[in-house]
Enquirer: 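Encoded as C-alpha cells, here's the structure I'll be asking about.
We count ligands from 1, going down the list as the structure has it; atoms in each ligand are counted the same way.
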Amino acid sequence: MPVELKSTVEEVALAYAEAKKDVYFMDEFKGLLLEYANRPSMLYYAKNLSEKLGGAKIYLKREDLNHTGAHKVNNVLGQALLAKRMGKIRLIAETGAGQHGVATATAAVLLGLECEIYMGSEDIQRQALNVFRMELLGAKVHAVSRGTKTLKDAVDAALEAWVERPNDTYYLLGSAVGPHPYPEMVRDFQKVIGQEAKEQMLQAEGRLPDLVIACVGGGSNAIGIFHEFVPHKEVQLIGVEAGGLGLDTVDNAAALSLGRPATFHGMHTYFNLDINDQIAPVYSLSAGLDYPGVGPEHAYLKEINRAQYLAATDQEAVAAFLELAQSEGIIPAIESSHALAEALKRAPKMSKGEIILVNLSGRGDKDVAMIARYLGRDDLDDAQLF
Ligand SMILES: *Cc1c(COP(=O)(O)O)cnc(C)c1O
C-alpha cells in the first residue's frame with residue numbers, strides 16, 4: 001500500500017470507530033438493510049437435497065435473495081453511508097469480475113455519490129455485461145491495462161487514484177481484507193448474516209447447527225456468517241477456498257491451504273506466493289474467489305484452530321452447482337457452489353439428526369454462460385445466452 005495513504009486510512013479508522021458507536025448511524029444502516037437490501041434473508045431447509053443425500057439436514061442462508069443477488073450489498077451500504085458521513089462525494093473501488101463494482105455503483109446511486117470503478121482490461125473483456133451494468137448505474141469504469149490486466153493491477157490503480165484525491169474520495173473495499181479498519185469494518189457490516197442465521201436456526205430447530213460452511217475469496221461472506229458462531233465452540237466452522245484445477249497444481253487460489261504468511265495490500269496474512277515471495281498468479285473458474293490472499297481474521301481463526309479451511313475444485317463446484325439447481329430449483333453462484341460441494345461430501349457421512357448450515361452467498365444467473373461453456377455447450381454461443 002502506498003505510504004502516502006497512511007493518514008487517509010487512519011481517517012477512515014477514526015470515522016468508523018465513531019460511526020459504529022453512533023446509534024443514528026447504525027439505525028440508518030439497519031434501515032437500508034431492511035428496506036433496500038431485502039433483509040432478513042431467508043433460512044431455507046433444503047429438504048429434497050438432504051433426503052437425497054440421506055444424512056445431515058442441510059440449511060441454506062439465502063444471501064442470493066438480497067438486492068443485487070449476493071451478500072456484497074451489506075458491505076457496500078455500510079461503507080457508502082460511512083463515506084457520506086465523512087463528507088466524501090466520490091466512491092472509488094476495484095473490481096475483478098465486476099460484482100463488487102456493480103454493488104458499489106448501486107450504493108453510490110442510492111446515496112447520491114459519484115462512482116469510479118477500476119477494472120483490469122482483461123476482466124473488462126470477459127465481463128462485458130457487468131461493465132454495462134455499472135455504466136447503466138452511472139459509474140465511470142476505468143480500464144487498467146498494465147501488468148496482468150486483472151484484479152491485482154486494478155487494486156494498485158485504485159489506490160493510486162486515492163492518493164491523487166484523498167480529500168473528497170472514499171475507497172470502498174470489496175472484502176474483509178486490506179489495512180485496518182477494513183477487515184474489522186467489513187466483518188461488522190457482514191455479521192448480520194450469522195446473527196440472523198442463528199436466530200432463524202433456533203426458531204426452526206431449537207438448536208445451533210453442527211457445522212457452518214462458507215466459501216472464501218477475500219473472506220467477507222465467511223466471516224459474516226462465522227462471527228456470531230465463533231464463541232459457540234460446539235459449532236464447527238469450515239471455509240472453502242477455490243481449489244481450481246487441484247491443490248496439486250499451481251492453478252488454484254487456496255491461500256490458506258497452500259499459501260504462506262506475508263505482507264501485501266496493507267495486511268499481514270496468508271498469500272499465494274511464488275518462489276521469490278511475490279504474489280503468485282492465481283486461478284479459479286469462479287472469478288469471485290480468484291484472489292491471492294485472504295482476510296487476516298481467517299488466518300487468525302486458522303492458527304487458533306477455531307475454523308478449518310479446505311478447498312473445492314472447479315469440477316466439484318460445478319457438480320454442486322448442478323446438484324442444487326436440479327434438486328431444489330435454486331441456481332447458486334459458482335462461488336457459493338464451493339461451499340455446497342463440501343456440504344455434499346459431508347452430509348451423507350453424518351446422522352439425520354445433525355445440521356449443516358451453508359452460506360449461499362449469491363445467485364448464479366451471472367454464471368450461466370460460463371457454466372454452459374464449461375460443459376462444452378458450443379451450441380449456446382454468447383449471443384444466444386445474453
Ligand atoms: C464476491 C463473492 C464472493 C467472494 O467474496 P468473499 O469476500 O470471500 O465473500 C463469494 N460469493 C459471491 C456470490 C460473491 O459475489
Enquirer: I'd like to know whether the aromatic ring centres of Y44 and Y59 sit less than 6.0 Å apart in this structure.
Expert: no
Enquirer: Output the list of atoms in ligand 1 that are nearer than 4.0 Å to some heavy atom of S220, sorted by atom number.
Expert: 6 (P), 7 (O), 8 (O), 9 (O)
Enquirer: May I ask you to identify the nearest protein heavy atom to atom 10 (C) of ligand 1, giving residue, atom name and distance to one decimal place in Å?
Expert: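 The closest heavy atom on the protein side is E335 CB, 3.5 Å.
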Enquirer: I want to know if ligand 1 touches V216 in the polar sense, i.e. an N/O pair below 3.5 angstrom.
Expert: no
Enquirer: Using heavy atoms and a threshold below 4.0 Å, how should the contact between H100 and ligand 1 be classified: side chain, backbone, both, or neither?
Expert: neither
Enquirer: Which of the atoms in ligand 1, numbered in the order shown and given with their element, are less than 4.0 Å from a heavy-atom of G362?
Expert: 13 (C)
Enquirer: For atom 7 (O) of ligand 1, which protein heavy atom lies nearest, and how many Å away is it?
Expert: S175 OG, 2.5 Å
Enquirer: Measure from NZ or CZ of K20 to the centre of the six-membered ring of F25 and say whether it is under 6.0 Å with the direction within 45° of the ring axis.
Expert: no
Enquirer: Atoms of ligand 1 less than 4.0 Å from G219 heavy atoms?
Expert: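 Numbered from 1, ligand 1 contributes 6 (P), 7 (O), 8 (O).
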Enquirer: For Y182 and Y170, take the angle between the two ring planes, folded into 0 to 90°, and tell me which bin it lands in: parallel under 30, tilted 30 to 60, perpendicular over 60.
Expert: tilted
Enquirer: One thing to verify: whether K57 and E205 come together as a salt bridge, which I'm taking to mean a side-chain N less than 4.0 angstrom from a carboxylate O.
Expert: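 A salt bridge links E205 with K57.
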Enquirer: Are the charged groups of R39 and E63 less than 4.0 angstrom apart, N to O?
Expert: yes
Enquirer: Among all protein heavy atoms, pick out the one at the shortest distance from atom 4 (C) of ligand 1; state its residue, atom name and that distance to 0.1 Å.
Expert: G288 O, 3.3 Å
Enquirer: I'd like to know if K366 pairs up with E335 as an ion pair, taking the criterion as any Lys NZ or Arg NE/NH1/NH2 lying under 4.0 Å from an Asp or Glu carboxylate oxygen.
Expert: yes
Enquirer: Salt bridge check, D210 against R207: does any charged N sit closer than 4.0 Å to a carboxylate O?
Expert: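 D210 and R207: salt-bridged.
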Enquirer: Is the shortest distance from a heavy atom of Q190 to ligand 1 less than 4.0 Å?
Expert: no
Enquirer: Other hydrophobic cluster members with L289, side-chain heavy atoms of Ile/Leu/Val/Met/Phe/Trp/Tyr under 4.5 Å, chained?
Expert: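 Its cluster partners, ordered by chain and number, are none at all.
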Enquirer: Tell me the protein heavy atom at minimum distance from atom 12 (C) of ligand 1, and give that distance in Å.
Expert: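 Answer for atom 12 (C) of ligand 1: S361 OG, 3.5 Å.
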Enquirer: For residues 230-259, which residue pairs qualify under salt bridge (charged side-chain N to carboxylate O under 4.0 Å, His left out), counting only residues two or more places apart or in two chains?
Expert: none
Enquirer: At a 4.0 Å threshold, what atoms of ligand 1 neighbour a non-hydrogen atom of G217?
Expert: 8 (O)
Enquirer: Using a 4.0 Å cut-off to any heavy atom of A333, which atoms of ligand 1 qualify?
Expert: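 Those of ligand 1 that fall under 4.0 Å from A333 are 13 (C).
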Enquirer: For ligand 1, which atoms sit closer than 4.0 Å to a heavy atom of K72?
Expert: 1 (C), 2 (C), 3 (C), 14 (C), 15 (O)
